Chemist: 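Just dropping this structure here.
Here the structure is a predicted model, which is why all the values come from computation and not from measurement.
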Amino acid sequence: MSHQLCLVRRSPGVVTRIECMLHPLAGGQGLWMLFCGAGLDGAQPSAVRAQGPFYGASEAQAVLGEIVGNLLAQGYGAVDELPIWTLHLRAELRRQNAGRGHPPGHFRLQP
């Protein structure tokens with residue numbers, strides 16, 4: 001399974017899109033996050049969510065596989081389109097990485 005995929009569900013007059021991306025967190029600790037964006041095709045995502053952290057890519061891929069299986073059962077189908085919400089998902093990755101950094105004020109500078 002890829003680290004980034006797109007699923008769509010076509011209804012009369014409406015195409016709903018979900019994009020998912022797996023990415024490791026900064027820090028080199030082997031932690032991975034799952035990011036998903038959902039909304040109408042051709043528009044900005046109406047929701048961007050993060051799930052994790054997971055210990056290793058295989059654990060994150062297992063969770064993504066479960067989510068994809070559930071979405072396929074709801075009528076979504078995988079498509080080979082280029083992702084259009086990569087910037088939104090990467091912005092959430094940056095927020096997650098920043099939230100796991102050291103809080104400001106806990107450093108002591110020695111001249």
Chemist: Does the side chain of Val63 come within less than 4.5 Å of Leu22's, by heavy atoms?
Modeler: no
Chemist: Going by atom types alone, do Asn70 and Glu66 pair a side-chain donor with an acceptor below 3.5 Å?
Modeler: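 No - no donor-acceptor pair under 3.5 Å links their side chains.
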Chemist: Using a 4.5 Å cut-off on heavy atoms from C-beta on, say whether the side chain of Val68 contacts that of Tyr76.
Modeler: no
Chemist: Using the rule that two of Ile, Leu, Val, Met, Phe, Trp, Tyr join whenever any of their side-chain heavy atoms come within less than 4.5 Å, decide whether Leu5 and Leu34 are in one cluster.
Modeler: yes
Chemist: Tell me, do His88 and Glu19 make a side-chain contact under 4.5 Å, heavy atoms counted?
Modeler: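 They are not in side-chain contact.
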Chemist: With heavy-atom distances below 4.5 Å as the criterion, would you say the side chains of Ile67 and Ile18 are in contact?
Modeler: no
Chemist: So if you build clusters from Ile, Leu, Val, Met, Phe, Trp, Tyr with side-chain heavy-atom gaps below 4.5 Å, do Met21 and Met33 land together?
Modeler: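 Yes: a chain of side-chain contacts under 4.5 Å links Met21 to Met33.
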Chemist: Does the side chain of His3 reach to within under 4.5 Å of the side chain of Gln61, using non-hydrogen atoms?
Modeler: yes
Chemist: Do Ile84 and Phe35 sit in one hydrophobic cluster, given that two such residues count as connected whenever their side-chain heavy atoms are within less than 4.5 Å of each other, even indirectly?
Modeler: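 Per the 4.5 Å side-chain linkage, Ile84 and Phe35 are not co-clustered.
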Chemist: Does the side chain to side chain contact (heavy atoms under 4.5 Å, CB included) test come out yes or no for Asn97 and Arg94, once each step is laid out?
Modeler: CA-CA 5 Å; Asn97 279 329; Arg94 284 190 301 277; 5.7 Å; no
Chemist: Would you say Val15 ends up clustered with Trp85 if hydrophobic residues are merged whenever their side chains have heavy atoms under 4.5 Å apart, either directly or through other cluster members?
Modeler: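 No, no single cluster joins them.
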Chemist: Sequence neighbours left out, what passes side chain to side chain contact (heavy atoms under 4.5 Å, CB included) with Pro24? Give chain and number order.
Modeler: Trp32
Chemist: Between His23 and Leu89, is there a side-chain heavy-atom distance shorter than 4.5 Å?
Modeler: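 No, side chains not in contact.
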Chemist: Under 4.5 Å between any side-chain heavy atoms of Gln96 and Leu25, yes or no?
Modeler: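 Sidechains of Leu25 and Gln96: in contact.
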Chemist: Side chain to side chain contact (heavy atoms under 4.5 Å, CB included) between Leu31 and Phe54: does it pass, once the steps are laid out?
Modeler: CA-CA 5 Å; Leu31 298 176; Phe54 303 104; over 6 Å; no
Chemist: Tell me, do Leu40 and Ser46 make a side-chain contact under 4.5 Å, heavy atoms counted?
Modeler: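 When only atoms from C-beta onward are counted, Ser46 and Leu40 do not touch, as no gap falls below 4.5 Å.
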